[in-house]
Amino acid sequence: MKRKLAVLSMIMVMVLTMIPGCSKQPSKENKGTNENSTEQESKGTEEGKTDGESEKTTPEAESNTDKEDVTILIAAAASMEKSLEELIPQFQTKYPWITVEGTYDSSGKLQTQIEEGLEADIFLSAAMKQMNALKDENMIDADSIKELLENKVVLIVPAGSESKVTSFEDILGAGTIAIGDPESVPAGQYAKKVFDSLGIYDKVAEKASLGTNVTEVLNWVAEGSADAGVVYATDAATSDKVTVISEAPEGSLDEKVIYPIGIVTASQKKEAAALLVEYLQSEEATNLFVSYGFSVQ
């Protein structure tokens with residue numbers, strides 16, 4: 001009897017010893033599942049990291065997307081319209097959050113409009129006179145003014161006409177002479193200076209039709225409404241209906257025909273305005289200005 005009990009006790013001890021070992025041994029199936037799970041998690045983490053990295057943008061793109069949309073207005077001399085109409089879309093492609101609108105007229109009229117409250121952000125004048133007047137009235141930021149371009153004053157006649165006019169000196173041979181109104185149009189002010197230097201302005205005035213801006217003068221000559229006219233070289237270059245017969249005589253103008261640009265003091269969008277002013281001085285912009293006949297300062 002005692003011997004049987006001893007044997008039973010030994011068997012029980014052996015059984016109890018084996019149970020913990022069995023409970024700790026994982027099955028091959030579980031082990032495979034755990035390994036697969038770990039691999040998938042690791043792979044998912046790496047893929048997630050790759051996706052995240054691929055979504056990163058360049059600093060310039062991030063700064064673009066962070067900007068609020070803004071619209072700015074440039075008040076520019078009429079002779080700038082064609083070139084700016086080409087440049088503004090290129091600028092807007094580079095700075096897509098900025099929309100640029102333009103208003104074009106004689107520099108004198110634009111000066112008056114700014115003085116009367118026109119909400120322009122930039123002024124691009126065809127002469128220093130109007131820019132300096134606004135600066136002196138504290139309506140243009142003095143440190144923003146740049147001498148952007150230079151133009152030439154030329155005498156034109158209708159293309160194909162048998163005009164007897166060959167120079168500024170014999171302009172009186174024309175029946176009707178078109179010039180900008182010297183009171184407000186820089187091209188007219190330059191024309192008056194040329195004719196004053198020749199001592200014939202009073203007689204020219206008797207035959208003159210005064211345009212409200214240089215584009216109007218160009219159109220009158222192109223249409224044959226005037227026998228001759230005084231415009232900028234860049235305006236003449238835009239029309240195949242006129243012929244340039246002469247540049248202003250040397251020494252007839254006491255100053256260069258400078259086109260300055262500046263930021264309006266009252267502007268609430270000076271950051272965007274400054275970007276456009278900077279762009280208009282870029283190589284891309286100056287190359288186009290030169291193609292229109294301007295000289296770059």
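- Considering all non-hydrogen atoms of both residues, Val185 and Ser106 come closest at CG2-CB, 3.8 Å.
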Practice problem: For side chain to side chain contact (heavy atoms under 4.5 Å, CB included), just list the numbers for Val154 and Val230, CA-CA rounded to whole Å, side-chain angles, deciding distance to a tenth of an Å, and then say yes or no. | Solution: CA-CA 6 Å; Val154 298; Val230 179; over 6 Å; no
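- Under the 3.5 Å distance criterion, the side-chain polar atoms of Asp235 are left unmatched by any main-chain donor or acceptor of Val231.
- Under a 4.0 Å N-O distance rule, the pair Asp121/Lys270 does not qualify as a salt bridge.
- In the displayed structure, Glu283 atom CD is contacted under 6.0 Å by at most 12 heavy atoms of other residues, nucleotides or ligands.
- Side-chain atoms of Asn213 come within 3.5 Å of backbone atoms of Glu216 as a donor-acceptor pair (strictly under, hydrogens ignored).
- Summarising the geometry of Ser83 relative to Phe289, their closest heavy-atom pair is OG-CE2, 3.6 Å, with the distance given to 0.1 Å.
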Step-by-step side chain to side chain contact (heavy atoms under 4.5 Å, CB included) determination, Ile179 to Val217:
CA-CA 6 Å; Ile179 64 172; Val217 173; 5.5 Å; no
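- Remark: Glu86 CD is packed, more than 12 non-hydrogen atoms of other residues, nucleotides or ligands lying under 6.0 Å away.
- Nearest heavy-atom pair, Val157 versus Asp227, reported as atom, atom and distance to 0.1 Å: CG1-O, 3.6 Å.
- When atom types are taken as modelled, the side chain of Ser107 and the backbone of Ala126 share a donor-acceptor pair closer than 3.5 angstrom.
- Connection of Val264 to Leu275 is not established within any shared hydrophobic cluster, with ILVMFWY side chains joined at heavy-atom distances below 4.5 Å, either directly or through further cluster members.
- Ring-plane geometry between Tyr95 and Phe91 is classed as tilted, the angle between the planes lying from 30 to 60 degrees on a 0 to 90 degree scale.
- Lys109 has its side chain within reach of Thr212: a pair of non-hydrogen atoms, C-beta onward, lies under 4.5 Å apart.
- Between Leu134 and Gln111, the closest side-chain pair of non-hydrogen atoms falls below 4.5 Å.
- Within the 4.5 Å cutoff, no side-chain heavy atoms of Thr286 are placed close to those of Gln281.
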Handout entry: Residue pair Asn219, Thr215: steps toward the side chain to side chain donor-acceptor pair (under 3.5 Å) verdict
Key = CA-CA 6 Å; Asn219 290 337; Thr215 302; over 6 Å; no
message = For Asp254 and Lys193: C-alpha separation, side-chain torsions, deciding distance, then whether salt bridge (charged side-chain N to carboxylate O under 4.0 Å, His left out) applies.
response = CA-CA 8 Å; Asp254 56 3; Lys193 286 184 178 182; 3.4 Å; yes
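- A heavy-atom distance below 4.5 Å is not found between the side chains of Tyr259 and Glu147.
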### Message
Set out, in order, the CA-CA distance, both residues' side-chain angles and the distance that settles side chain to side chain contact (heavy atoms under 4.5 Å, CB included) for Ile74 and Glu101, then state yes or no.
### Response
CA-CA 6 Å; Ile74 180 169; Glu101 296 179 349; over 6 Å; no
Residue pair Val153, Val257: steps toward the side chain to side chain contact (heavy atoms under 4.5 Å, CB included) verdict: CA-CA 8 Å; Val153 175; Val257 181; 3.9 Å; yes
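- Ionic pairing of Glu150 and Lys152 is present here: one or more N-O contacts between side-chain nitrogen and carboxylate oxygen are shorter than 4.0 angstrom.
- Using a 4.5 Å heavy-atom cutoff, the side chains of Leu124 and Leu148 are in contact.
- Across every non-hydrogen atom of Tyr279 and Ala285, the tightest pair is O-CB, 3.3 Å.
- When the shell of 6.0 Å around CD of Glu119 is examined, it contains 12 or fewer heavy atoms from other residues, nucleotides or ligands.
- Heavy atoms of other residues, nucleotides or ligands lying less than 6.0 angstrom from CD of Glu271 number 12 at most.
- Counting only heavy atoms from C-beta outward, the side chains of Ile156 and Leu218 approach each other to under 4.5 Å.
- Considering Ile145, Asn132, Ile122 as possible partners of Ile140, the one that fulfils the side chain to side chain contact (heavy atoms under 4.5 Å, CB included) test is Ile145.
- No single ILVMFWY cluster, assembled from side-chain heavy atoms under 4.5 Å apart, contains both Leu84 and Leu118.
- The side-chain heavy atoms of Gln130 and Phe123, taken from C-beta on, include a pair separated by under 4.5 Å.
- For the side-chain contact (heavy atoms from CB on, under 4.5 Å) test, no residue two or more places apart in sequence or in another chain qualifies with Gln268.
- For Lys241, the NZ atom sits in a loose shell: 12 or fewer heavy atoms of surrounding residues, nucleotides or ligands are nearer than 6.0 Å.
- Not less than 6.0 angstrom separates the ring centroid of Tyr232 from the ring centroid of Tyr292.
- Scanning all heavy atoms of the two residues, the minimum distance from Ser252 to Val194 falls at OG-CG2, 3.7 Å.
- The pair Lys94-Glu284 does not meet the salt-bridge criterion, since no charged nitrogen lies less than 4.0 angstrom from a carboxylate oxygen.
- Between the side chains of Glu169 and Ser167, at least one donor N or O sits under 3.5 Å from an acceptor N or O.
- You'll find the side chain of Thr99 stays beyond 4.5 Å of the side chain of Asp69, heavy atoms only.
- Panel note: side chain Lys269, backbone Thr71; a donor-acceptor pair is recorded below 3.5 Å.
- Across all non-hydrogen atoms, the minimal contact from Gly262 to Met131 is N-CE, 3.6 Å.
- Linking ILVMFWY residues whenever their side-chain heavy atoms come closer than 4.5 Å, directly or via other members, leaves Leu73 and Tyr104 in distinct clusters.
- The same ILVMFWY cluster, assembled from side-chain heavy atoms under 4.5 Å apart, contains both Met80 and Ile263.
- Linking ILVMFWY side-chain heavy atoms closer than 4.5 Å, directly or via other members, places Leu253 and Ile200 in a single hydrophobic cluster.
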